[in-house]
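Notes to accompany the following structure.
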Amino acid sequence: MSKIPFAVQLYTLRKETAEDFAGTLRKVADLGFEAVEFAGFGEMTAREVKNLLDKLNLKAAASHVPLEELKNHLPQVLEDQKTIGSSYVVCPFIEKRQEEDYRTLIRDLNDIGEACQKEGITLCYHNHDFELESFKDGRKPLDMIFQETDEDRVKAEFDIYWLQKAGEQPSEWIDRYKGRAPLIHLKDMTLDEEQFFAELGTGGVDLDTIFVLGEKVGVKWWIVEQDESRTSPLESLEVSMNYLKEKFPHLQK
């Protein structure tokens with residue numbers, strides 16, 4: 001397998017970063033991750049974040065930015081992304097989910113994606129499970145989003161946990177939109193009825209198939225996220241990284 005880099009989505013460490021942003025990023029680097037995906041900069045400026053990344057030899061894989069901020073403050077968002085060295089900005093979540101809301105979202109994503117493209121930034125949309133709840137005509141909102149947005153303006157950040165939670169096969173979605181999913185949220189799911197968030201390699205998600213597929217369809221970043229943990233989030237990330245190091249010996253630095 002080629003060496004697609006691994007990052008951490010900092011939402012996993014939201015409590016830790018709120019208490020000590022710089023110290024938490026240092027711990028991420030110490031675990032062996034190559035980059036982070038941001039969900040805000042805490043109290044730091046983009047320039048301060050860039051200096052911290054350089055100090056820790058970390059890269060910025062992407063940033064999650066709320067839709068309203070993308071709509072209302074896009075020039076500043078893009079300037080910040082360029083400052084930290086991020087090539088991807090991600091719409092992470094939507095509140096309104098009726099069919100007409102999705103049509104409005106599609107228009108917004110096309111417009112935002114075009115503006116991002118002009119600045120050398122790629123816009124991605126990150127899914128949960130609610131986009132897999134079919135409309136009355138049987139169509140799934142997630143298909144609607146990617147079928148009705150411009151494939152050059154709007155890419156995917158597929159979250160494999162939420163796809164599987166919705167009863168889908170994550171690999172099928174990654175293959176269906178091959179070349180359009182540069183970012184993948186790597187997660188696992190417990191095998192019990194709760195289907196809780198799990199450390200990589202400890203649950204029931206077919207990660208092997210996803211890893212092999214990623215090489216073929218143009219994945220640029222594997223991004224590890226664990227929304228909730230039954231231990232500490234840092235301990236969960238360490239378990240996941242140890243699993244990855246067994247799979248990918250180049251991570252054993």
Can you list, pair by pair, the side-chain donor-acceptor contacts under 3.5 Å of residues 110-122, counting residues two or more places apart and other chains?
residue: Asn110; atom: OD1; partner: Asp150; partner atom: N; Å: 2.8
residue: Gln117; atom: NE2; partner: Asp152; partner atom: O; Å: 3.3
residue: Glu119; atom: OE1; partner: Lys82; partner atom: NZ; Å: 2.7

side-chain contact (heavy atoms from CB on, under 4.5 Å) assessment of Val239 paired with Gln226: CA-CA 11 Å; Val239 171; Gln226 190 163 331; over 6 Å; no

Which residues share a salt bridge (Lys or Arg N to Asp or Glu O under 4.0 Å) with Glu168, sequence neighbours left out: Lys140

Whether Arg14 side chain and Tyr11 backbone form a donor-acceptor pair below 3.5 Å: yes

Arg230-Thr190 side chain donor-acceptor pair, cut-off 3.5 Å: no

side-chain contact (heavy atoms from CB on, under 4.5 Å) partner of Asp175, the single match among Leu213, Ile210, Thr209: Leu213

Residues Leu53, Leu25; criterion side-chain contact (heavy atoms from CB on, under 4.5 Å); working and verdict: CA-CA 8 Å; Leu53 292 174; Leu25 263 64; 4.1 Å; yes

May I have the list of side-chain donor-acceptor pairs in residues 74-81 shorter than 3.5 Å, sequence neighbours left out?
residue: Gln76; atom: NE2; partner: Asp80; partner atom: OD1; Å: 2.9
residue: Gln81; atom: OE1; partner: Ser63; partner atom: OG; Å: 2.8
residue: Gln81; atom: OE1; partner: Ser86; partner atom: OG; Å: 3.1
residue: Gln81; atom: NE2; partner: Ser63; partner atom: OG; Å: 3.4

Salt bridge (charged side-chain N to carboxylate O under 4.0 Å, His left out): pairs with one or both residues in residues 61-76, sequence neighbours excluded: Glu68-Lys71, Lys71-Asp108

Where at least one partner belongs to residues 23-36, residue pairs that pass side chain to side chain donor-acceptor pair (under 3.5 Å), sequence neighbours excluded: none

Donor on one side chain, acceptor on other, Glu225 and Gln9, under 3.5 Å: no

Any residue meeting side-chain hydrogen bond (donor to acceptor under 3.5 Å, both in side chains) with Glu95, in chain and number order, not counting sequence neighbours: none

Working for salt bridge (charged side-chain N to carboxylate O under 4.0 Å, His left out), residues Asp143 and Arg176: CA-CA 10 Å; Asp143 268 325; Arg176 185 182 311 170; 3.1 Å; yes

Contacts of Phe135 that satisfy ring-ring contact (aromatic ring centres under 6.0 Å, His included) - sequence neighbours left out: Tyr102

Electrostatic pair Glu19:Lys15 at N-O distance under 4.0 angstrom: no

Within 6.0 Å of CD in Glu100, more than 12 heavy atoms from elsewhere: yes

Qualifying residues under salt bridge (Lys or Arg N to Asp or Glu O under 4.0 Å), relative to Lys220, sequence neighbours excluded: none

Donor on one side chain, acceptor on other, Asp159 and His126, under 3.5 Å: yes

All ring-ring contact (aromatic ring centres under 6.0 Å, His included) counterparts of Tyr88, not counting sequence neighbours: none

Residues forming a ring-ring contact (aromatic ring centres under 6.0 Å, His included) with Tyr243, sequence neighbours excluded: none

Contact summary for Phe196 and Asp192, nearest pair of heavy atoms: N-OD1, 4.3 Å

Partners passing side-chain hydrogen bond (donor to acceptor under 3.5 Å, both in side chains) against Asp137 (at least two apart in sequence or in another chain): Arg139

Under-4.0 Å salt bridge between Glu131 and Arg97: no

Residues that Phe197 engages under ring-ring contact (aromatic ring centres under 6.0 Å, His included), provided they are two or more places apart: Tyr161, Trp162

